[in-house]
Amino acid sequence: MAPALAAALDPTAYCETPVYNPDLCPNMIAAQAKLVYHLNKYYNEKCQARKAAIAKTIREVCKVVSDVLKEVEVQEPRFISSLNEMDNRYEGLEVISPTEFEVVLYLNQMGVFNFVDDGSLPGCAVLKLSDGRKRSMSLWVEFITASGYLSARKIRSRFQTLVAQAVDKCSYRDVVKMVADTSEVKLRIRDRYVVQITPAFKCTGIWPRSAAHWPLPHIPWPGPNRVAEVKAEGFNLLSKECHSLAGKQSSAESDAWVLQFAEAENRLQMGGCRKKCLSILKTLRDRHLELPGQPLNNYHMKTLVSYECEKHPRESDWDESCLGDRLNGILLQLISCLQCRRCPHYFLPNLDLFQGKPHSALENAAKQTWRLAREILTNPKSLEKL
């Protein structure tokens, strides 16, 4: 691991008071059991209530989005809605917060393009015609630049125009409107929810060069079978603004597609108490770390769970009885990252997930997270009020 990354992921380096060490606790097992009891109670009461409320919101929001996308499809059949419900979840839908969602709209026919990932655009890649003679064969011919790149921004611009027209025509036009002043396609629904709709290509069976270092050779997690599953699952290329390209030449930014690993990350975090741990972290974030400047989102929590899996690679480390230890480790890690002002993307460590966040907001979040961690550690019963 690179020294800078190791420093950013050292939970003891930045804490003002000594880190809790369970070996110093005279009745360690009883203390751990008490914390796990209160965390499970918190999960069953607060987390499940959050999940139920979000599930209800998702159903409401997806009715509106589906109606808008049907209108888009009538105008432009290349943009076919891929928002389908399967096993009580919608494919391509990500919960950013209880009021903010992203819907990934999968596009067809990436076939005539090569995926180019040379590391010059952190967190991004480009799609280039495999053969100039195939230009006219592409479904997306008018979005191909003179140099043969499929422009993410041109596709998004066209999609934005279509969605704006669809919003005016759809049956929910009284409760939905476009969010202005952004190149992203965002809908505000009932003045309460914001949904970003992002055109994307699904890339299965290939793995980006910028993530070729994964898995790290000296770490036994997640094991060869799971690695093969994750790499076969692949990744998505999203047409959205890339913060890592801010200030770069506009043509590169215009052509670039953002790498996203949502399904791979979900697959990695199966088993043991991993999902329960993430659910508790999301609930704590929603209730206590929704701060000015929006320094933290649920994706930061998901990323730190993946790093915690690497630090604790054995399945026994994720038994229910270890829930308290894993949660404490992640909260301390979060404090460290906030104080370093750096949170590396799990698969793309050169990409900093805190890039562009105000330093004062990160400092404030570090203080708030420390208060939260200290409260949970020293008085697990306080979870009843958190």
Side-chain angles (χ1 to χ4, degrees), residues 68-83 91-92 102-167 178 182-186 196-212 233-263 348 351:
V68 169
L69 290 177
K70 265 188 213 152
E71 285 293 333
V72 168
E73 202 176 315
V74 168
Q75 299 172 65
E76 175 54 274
R78 288 180 297 183
F79 291 101
I80 300 168
S81 174
S82 55
L83 185 63
E91 188 189 7
E102 181 171 18
V103 170
V104 172
L105 181 79
Y106 292 108
L107 306 175
N108 290 321
Q109 289 196 21
M110 194 183 100
V112 299
F113 296 97
N114 284 337
F115 168 72
V116 182
D117 166 36
D118 61 6
S120 62
L121 307 168
C124 299
V126 291
L127 292 172
K128 193 167 199 295
L129 271 176
S130 55
D131 183 338
R133 291 167 296 183
K134 292 182 178 176
R135 181 182 289 266
S136 59
M137 295 164 57
S138 171
L139 187 66
W140 308 100
V141 62
E142 72 269 41
F143 306 110
I144 301 171
T145 66
S147 45
Y149 293 103
L150 182 62
S151 171
R153 187 180 286 178
K154 285 182 179 180
I155 283 187
R156 189 164 72 248
S157 176
R158 172 71 179 137
F159 182 60
Q160 190 175 43
T161 303
L162 292 167
V163 171
Q165 292 165 359
V167 163
M178 293 282 286
T182 173
S183 79
E184 310 279 26
V185 180
K186 289 187 177 182
Q196 179 167 332
I197 311 176
T198 305
F201 286 105
K202 192 186 266 286
C203 304
T204 53
I206 59 171
W207 192 248
R209 207 159 79 187
S210 49
E233 190 73 54
F235 55 96
N236 295 326
L237 291 175
L238 308 184
S239 171
K240 65 193 293 185
E241 289 176 8
C242 185
H243 298 297
S244 67
L245 295 184
K248 295 273 174 77
Q249 69 269 34
S250 59
S251 61
E253 192 179 341
S254 172
D255 298 336
W257 296 76
V258 175
L259 293 156
Q260 186 227 43
F261 297 83
E263 293 305 320
L348 310 169
L351 183 64

Is it the case that the side chain of [X] and the backbone of [Y] share a donor-acceptor pair, with hydrogens and angles ignored and the cut-off at 3.5 Å?
X      : Y      : result
Glu184 : Glu241 : yes
Arg78  : Leu139 : yes
Asn236 : Gln260 : no
Asp118 : Ser120 : yes
Asp117 : Ser210 : yes

| message | For a salt bridge (Lys or Arg N to Asp or Glu O under 4.0 Å) check, start with the C-alpha distance between Lys240 and Glu102, then their side-chain angles and the critical distance, and finish with the verdict. | response | CA-CA 11 Å; Lys240 65 193 293 185; Glu102 181 171 18; 3.2 Å; yes

| request: Classify the ring geometry between Phe201 and Trp140 as parallel (under 30°), tilted (30 to 60°) or perpendicular (over 60°). | output: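 Rings of Phe201 and Trp140: perpendicular, over 60°.
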
| task | Assign the ring pair Phe235 / Phe261 to parallel, tilted or perpendicular, where the plane angle (0 to 90°) is split at 30° and 60°. | result |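 The rings of Phe235 and Phe261 sit tilted, inter-plane angle from 30° to 60°.
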
| request: Check the pair Leu127, Val116 against side chain to side chain contact (heavy atoms under 4.5 Å, CB included), reporting the backbone distance first and the verdict last. | output: CA-CA 6 Å; Leu127 292 172; Val116 182; over 6 Å; no

| task | Using the test side chain to side chain contact (heavy atoms under 4.5 Å, CB included), find all partners of Ser82 that sit at least two apart in sequence or belong to another chain. | result |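 Residues passing side chain to side chain contact (heavy atoms under 4.5 Å, CB included) with Ser82: Leu105, Tyr106.
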
Atom [atom1] in [X], atom [atom2] in [Y]: separation rounded to 0.5 Å?
X      : Y      : atom1 : atom2 : value
Asp255 : Ile144 : CG    : CD1   : 11.5 Å
Glu76  : Gln165 : CD    : CD    : 10.5 Å
Gln196 : Thr182 : CD    : OG1   : 7.0 Å

Looking at every heavy atom in both [X] and [Y], which two are closest together, and how far apart are they?
X      : Y      : result
Leu121 : Ala256 : CD1-CB, 3.9 Å
Arg135 : Thr145 : NH2-O, 3.1 Å
Ala166 : Gln75  : N-NE2, 3.7 Å
Ala200 : Val104 : CB-CG1, 3.4 Å

| task | Quick one: do Ser239 and Trp257 satisfy side chain to side chain contact (heavy atoms under 4.5 Å, CB included)? Show the steps, please. | result | CA-CA 5 Å; Ser239 171; Trp257 296 76; 3.7 Å; yes

| Considering only heavy atoms from C-beta outward, does the side chain of Ser138 approach that of Phe113 to under 4.5 Å? |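 Contact flag for Ser138/Phe113 side chains = yes.
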
| request: Check the pair Ile155 / Leu107 against side chain to side chain contact (heavy atoms under 4.5 Å, CB included), numbers first and verdict last. | output: CA-CA 10 Å; Ile155 283 187; Leu107 306 175; 4.2 Å; yes

| field | CA sep, side-chain torsions, deciding dist, call: Arg158, Glu142, side chain to side chain contact (heavy atoms under 4.5 Å, CB included) | value | CA-CA 10 Å; Arg158 172 71 179 137; Glu142 72 269 41; 5.5 Å; no

| Residues Ser183 and Arg153: side-chain donor-acceptor under 3.5 angstrom |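 No, because no side-chain N or O of Ser183 sits under 3.5 Å from a partner of the opposite role on Arg153.
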
| Donor + acceptor pair across side chains of Glu73, Ser81 (<3.5 Å) |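 Short answer, no.
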
